[in-house]
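A short worksheet on the structure shown next.
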Amino acid sequence: MLNKKSLKDLDFAGKRVLVRCDFNVPLDEHGNITDDTRITSSLPTIEYLVDKGAKVILMSHLGRPKGEPNKKYSLEPVVKRLGELLNKEITFLQDDKVVSFDVKDKAASMVNGQVALLENTRFRKEEEKNEEEFSKDLASLGELYVNDAFGTSHRAHASNVGVSRYLPSSVGFLVEKEISIMGKALELPEKPFVAILGGAKVSDKIGVIENLLNVVDSIIIGGGMAFTFFKAKGYEIGQSLLEEDKVQLAGELLEKAEKVGVKILLPVDVVVAKEFKNDTEFMTVNLNNIPKNMMGLDIGKKTIELFTGEINKANTVVWNGPMGVFEMDNFAKGTMAIAKALAESKGTTIVGGGDSASAVEKSGFAHRITHISTGGGASLELLEGKTLPGIEAISDR
Ligand code: AMP
């Protein structure tokens, strides 16, 4: 399936290995890491390389420092957490320029099994431009390159794509796992295959729906995006989220689905609220009864039953996007119920990253999901059937 080199295809002993990780972790206002999933997901690759006697030089971005050094986005908290998780001292090659003579000297004198981390690659404006000189400079630190940053693989930046032009490369264990699980679901799914789409915008998911129509048996649509479909079907949607310019397209997608025999399930009842906040008046109404002055913020009970029934029948389930405004407790029930349905499914269950991943974490069912992706944007692009530049750049087998 994946025609790219994997870790087992290269000999890392005694070599300086440049590894692109995705350490883009959420931080609170004091700079504490609030979710270290992305760091723990990188451990298998790092431990493997240490075990093989490599000199491991890690790189990552964090947040959006906009091409300039900014202490707020330093990778220092990651150095600390990674050291705790690996039970090993991590050398922080801290430098506002990311690569410098000093960093090059230190990298050159590393010993086998040592692990070092560069400063945030986005401290340099050249990073997101995939600029040649910066890519070369980064590549000069290593002799081999490993891409294990699934979360950034839909971007072509210097630290994930640029460096690959100058070094023999492979994907890491995390990228391999992410691609093979999603790849298998899309290429050889065990049927019935159900996709669940939610979230705020239809526009973000058009490509996904179009591509999924070729592979799935049914698509469940919830969240804010459902209301543009309701509008296309002629329903009153009150103050609910609407993408006026996508109404026609939503109608066309429904027609196309019917033509190709893919069942589309939309909510049959919704929780409507007076205002977009948790503490406001709310009630559940049938789809044909949405009051003009209220907005739909979650799916109702009957919809939960309908969607759960469909999920129960599936052997493959892919979920991307919450069913409602799950950040507010009063409107989180639909999303939590879907997380529970996935947890209880007998089939393969895959959750795209981003909001659906945090919703599943919040539900307490994360450990009962087959795979939770570490990359929201990247997994969406896979669902759209696109190739990811960060993977494409890796040496072929
Ligand atoms: P996305 O980034 O497109 O996956 O959208 C996720 C966001 O959609 C979350 O922050 C949810 O609060 C929001 N969302 C889900 N359902 C609704 C809804 N019915 N109305 C407004 N926002 C919603």
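Computed over heavy atoms, backbone and side chain alike; hydrogens, waters and symmetry mates excluded. In this text, all values refer to a predicted model and were calculated from it rather than measured experimentally. Whatever order the structure lists them in is the order used to number ligands and atoms, beginning at 1.
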**Prompt:** Between V99 and R124, what is the shortest heavy-atom contact and its length?
**Reply:** O-NH1, 4.0 Å
**Message:** By the salt bridge (Lys or Arg N to Asp or Glu O under 4.0 Å) test, which pairs, at least two apart or in different chains, include something from residues 246-266?
**Reply:** K263-E310
**Prompt:** Any salt bridge (Lys or Arg N to Asp or Glu O under 4.0 Å) pairs touching residues 213-241, not counting sequence neighbours?
**Reply:** K191-D217, E236-K292
Listing, residues 373-394 side-chain donor-acceptor contacts under 3.5 Å, not counting sequence neighbours, or none:
{"residue": "S373", "atom": "OG", "partner": "E178", "partner atom": "OE1", "Å": "2.9"}
{"residue": "S373", "atom": "OG", "partner": "G375", "partner atom": "N", "Å": "3.0"}
{"residue": "S373", "atom": "OG", "partner": "G375", "partner atom": "O", "Å": "3.3"}
{"residue": "T374", "atom": "OG1", "partner": "E178", "partner atom": "OE2", "Å": "2.7"}
{"residue": "S379", "atom": "OG", "partner": "G375", "partner atom": "O", "Å": "2.8"}
{"residue": "S379", "atom": "OG", "partner": "G376", "partner atom": "O", "Å": "3.2"}
{"residue": "E384", "atom": "OE1", "partner": "K386", "partner atom": "NZ", "Å": "3.4"}

**Asked** Going by atom types alone, do T37 and D35 pair a side-chain donor with an acceptor below 3.5 Å?
**Response** yes
**Asked** At a 4.0 angstrom heavy-atom cut-off, what protein residues surround ligand 1?
**Response** G199, A200, K201, D204, K205, G223, G224, F227, L241, F276, G296, L297, P322, G324, V325, E327, D355
**Message:** Test your reading of the model: is there a side-chain donor-acceptor pair from S395 to the backbone of K5, 3.5 Å cut-off?
**Reply:** no
